[in-house]
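Every chain is numbered from 1 and lettered A, B, ... according to where its sequence line falls, protein lines coming before strand lines. Since this is a predicted model, take the numbers as computed values, not measurements.
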Amino acid sequence: MKKVKVRFAPSPTGPLHIGGARSALFNYLFAKRYDGEMVLRIEDTDLERSRPEYEKEIIDSLRWLGISWTEGVDIGGDNGPYRQTERISVYREYVEKLLASGQAYECFCSEEELEKEREELLAKGEMVRYSGKCRYLTPEEREEKLKQGIKPAIRFKVPDNKVYVVNDLVRGKVAFETGNIGDFIIMKSDGIPTYNFAVVVDDALMGITHVIRAEEHLSNTPRQLMLYEALNFKVPEFAHISLILGSDRQKMSKRHGATSLIQYREKGYLPEAMYNFLALLGWSPEGEEEILTPEQINKSFSLDRVSKSPAVFDLDKLNHINQQHIKMLSLDRLKELLRPYLEASPYGEKIASLGPEKYELLVMALRDYLVCLSDIVEHARIILEDIEYEDEALQVLKGEHIKDLLLQFIDEYPPVDGVEEIKQYMKSLVKKTKLKPKDVFMPIRCALSGKTHGPDLPYLISIWGREEVQRRVRKTLEIIDRK
RNA sequence: GGCCCCUUGGUCAAGUGGUUAAGACACCGGCCUUUCACGCCGGUAACAGGGGUUCGAAUCCCCUAGGGGUCACCA
């Protein structure tokens, strides 16, 4: 069997978004699965909107996700260049061929004319397609237009009454009749090819065997099939994967909140969690386990298990997957990953002066609370900020004998403050006071943190240390006295 | 509007003619625990509708409805 070769071909008109990332991932997984190759091509023929900085950002995002390729803009290869604006002469060559064989023609229609035509058709309730009027221009008319300085666009002559069948790997056979398709532009009047043309030339020349892309391209496929035929290129296999929708079931867009991969990266979603989540959006593993490492996914991916129906992006699920992947991280790795978030926060200095042992305790105390890495800042608040009293905690502090308990607590506080020692001491305190555990722990928790909820008390106490604990208790005692 | 795709719980989904119609997220309840979270256990909840085909349809066919995509000198 011929070696599988796929490609991901983003246009650098914005950051890599969720949908694009998933297309890239599915291509990558497919190539990986069959030990094939992958091309990264940049489709920057939209001169208006393309920006080099986006190209860089997209590449960064892909690399972050864990996707790599065997040929592409950044690493070169035998089929370059990989940026479409650098391949204009190649497209020109093929356009000439079509022109010479009469399969394409020059179109001099102005934008206004076309717009008017479109509106008329729409008003009459007819199919919106180009009339083909420039198809039959006489040589004299053509000369005349040229003389007027009108730069023609090149249109492809769509064959009459033909049926093109896309043999889609996820959808099966899909047929299109050419009667519904008007002659389309393959090269704009400025000499830049349009998407439908460039994509065919490039995919063919680069030896792409499988085109895996979003469903929005399905109805473009017959046009591309015509071009493959006209140019005598070998037709690749196609697989159109369903769209990713927002919670309102519309195609995912900026309105739906964070849509670019980089935003998730910044919030502290793990690349392996994103990989897992994106893979599950449209693909399902055979087993029941859904929390999977990239390696596990690479091994089991297949197009047969890709769903035809569109999927709603579910942040709850992403959160869950991220949380699970965070749990799988080693403590050392987690400490490393969390540090930048803390350092960039208002607690930057405090973290720096905390020392490695206490920093580790902080991470241990808080790790189960994290849905994403940036959550650490909010959760660290209780440890790094001075006491902020909640009403509920103040209520607890009103209880009888609270003052005695607190005094006894700081008085007997052990000379060492490891988590285990503190735990033992707390137990002994419970025994001595003959109170219910809860009646010992809760007041102390409230006195120290001002809150009724939070991480395990021994951790908090251990991180703060003797002096800080005493300071906090005294502060609380003052407040109780004042009331 | 034409063409095309899609339709199993709120969401992601398994299922390919005979199942008590999986599982996951979310939600609810319980347990664990010095609190919260984590974890564990359990629960609510689905085959869009209508016709066929068949001994038997979530599964096959047709129609209807709903959603989406596309019809650019955007990709």
May I ask you to say what [X] touches in the nucleic acid, namely base, sugar-phosphate or nothing, with a heavy-atom cut-off under 4.0 Å?
| X | answer |
| --- | --- |
| A:Q84 | nothing |
| A:P443 | nothing |
| A:G287 | nothing |
| A:C109 | base |
| A:E290 | base |
| A:R249 | sugar-phosphate |
| A:I185 | base |
| A:D456 | base |
| A:A9 | nothing |
| A:K436 | nothing |
| A:S189 | base |
| A:N220 | base |
| A:K451 | nothing |
| A:S11 | sugar-phosphate |

Presence of salt bridge, [Y] and [X], under 4.0 angstrom:
| X | Y | value |
| --- | --- | --- |
| A:K116 | A:E113 | no |
| A:R51 | A:D44 | no |
| A:R92 | A:E96 | yes |

5'-most contact on RNA chain B: A:L281 or A:A175, nearest heavy atom basis?
->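 Upstream on the strand: A:A175.
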Is [X] near enough to [N] that one of its side-chain N or O atoms lies under 4.0 angstrom from OP1 or OP2?
| X | N | answer |
| --- | --- | --- |
| A:R223 | B:rC3 | no |
| A:S284 | B:rA14 | yes |
| A:K151 | B:rC73 | no |
| A:R305 | B:rG15 | yes |
| A:K188 | B:rA75 | yes |
| A:T45 | B:rA75 | yes |
| A:Q224 | B:rA75 | no |
| A:H320 | B:rC25 | yes |

Which nucleotide, B:rU35, B:rC73, B:rA75, lies nearest any side-chain atom of A:R118?
->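 The nucleotide sitting nearest to the side chain is B:rC73.
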With [atom1] as the reference atom in both, quote the distance from [N] to [M] in angstrom, rounded to an integer.
| N | M | atom1 | value |
| --- | --- | --- | --- |
| B:rC32 | B:rC40 | P | 16 Å |
| B:rU20 | B:rC6 | P | 30 Å |
| B:rA48 | B:rG10 | P | 12 Å |
| B:rA45 | B:rA57 | P | 24 Å |
| B:rU7 | B:rU59 | C1' | 14 Å |

Between A:F277 and A:H325, is a ring-ring contact (aromatic ring centres under 6.0 Å, His included) present by the stated rule, with each step listed?
-> CA-CA 11 Å; A:F277 175 68; A:H325 280 271; over 10 Å; no
Starting from the C-alpha separation in whole Å, work towards a yes-or-no answer on salt bridge (charged side-chain N to carboxylate O under 4.0 Å, His left out) for A:D456 and A:K423.
-> CA-CA 10 Å; A:D456 287 349; A:K423 209 179 273 179; over 6 Å; no
Nucleotide pairing, RNA chain B (Watson-Crick or G-U, distances under 3.5 Å), in dot-bracket with [ ] and | = ((((((((.[[[..)..(....]]].(((((.......)))))....[[[[[..)....]]]]])))))))....
A:Q395 and A:K398: side-chain donor and acceptor closer than 3.5 Å?
->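 Yes - a donor-acceptor pair under 3.5 Å links their side chains.
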Side chains of A:S131 and A:E117: do they bring a donor and an acceptor to under 3.5 Å?
->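 A pair is found: one side chain offers a donor N or O, the other an acceptor, under 3.5 Å apart.
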Those residues of residues 362-384 of chain A lying under 4.0 Å from RNA chain B by at least one heavy atom |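 Result for residues 362-384 of chain A: A:D368, A:Y369, sorted by number.
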Is it possible for you to check whether A:R305 lies under 6.0 Å from the centre of the six-membered ring of A:F301, through NZ or CZ, and within 45° of that ring's axis?
->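 No, A:R305 does not sit over the ring of A:F301.
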Reading nucleotides 61-66 of chain B 5' to 3', which nucleotides get B (base under 4.0 Å from a protein heavy atom), which S (sugar-phosphate only), which -?
-> ------
May I ask you to verify whether the side chain of A:D314 and the base of B:rA26 hold a donor-acceptor pair under 3.5 Å?
->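 Such a pair does not exist between side chain and base.
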